Structure formats: C-alpha cells, structure tokens
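It should be emphasised that the depicted structure is a prediction, and the values quoted were computed from it without experimental measurement.
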Amino acid sequence: MPVKMSAGYAALLVAVIGVLVSLPCNSLWARIGVALRGLLHDPRKQRLFNLTMSATLLLLSGLFYAKPHPS
C-alpha cells in the first residue's frame with residue numbers, strides 16, 4: 001500500500017479487490033457445479049467421480065506431508 005494511504009481507504013481498497021477477484025471465481029465454481037450436477041445423475045458416474053476426487057485428495061495430502069519443510 002502507498003505510504004500516505006489512510007487506514008479506511010486501504011481497507012476499502014482491499015475489500016474492492018477481494019470482491020473483484022472472488023466474483024468471477026465463485027461464478028465459475030457455481031457454473032462447474034451446475035454442469036457436474038447434470039453429469040452425475042447416474043450412480044455409476046457419481047461413484048467414479050467420488051473415487052477420483054478422494055484419490056486426488058489422498059495424493060495431494062501425501063505430497064504435502066512428504067514435502068521437506070525448511071528447518
């Protein structure tokens with residue numbers, strides 16, 4: 001932030017930037033959800049989706065914990 005910016009103006013700027021970033025992200029997330037809802041009516045496809053998402057979660061959490069942390 002610029003040095004001579006008041007705290008109120010800085011807070012307003014951060015809020016506006018947050019809204020400008022989050023609106024398109026949330027809209028995209030909602031559109032993807034609507035598209036997936038149409039694809040996941042079949043229980044077999046829903047099961048495959050759930051297994052894929054759980055495997056992805058396990059893989060990513062394993063990579064997170066396997067990553068060497070600086071000491």
ILVMFWY clustering at 4.5 Å (side-chain atoms), partners of Leu48 | none
Who are the side-chain contact (heavy atoms from CB on, under 4.5 Å) partners of Thr56, not counting sequence neighbours?
-> Thr52, Leu60
What distance separates Gln46 CD from Leu51 CG, expressed to the nearest 0.5 Å?
-> 11.0 Å
Run the side-chain donor-acceptor check on residues 16-43: report pairs under 3.5 Å with partners two or more places apart or on a different chain.
unit_1	atom_1	unit_2	atom_2	d
Ser22	OG	Gly18	O	3.0
Ser22	OG	Val19	O	3.4
Asn26	ND2	Ser22	O	3.3
Ser27	OG	Leu23	O	2.9
Asp42	OD1	Arg44	N	3.4

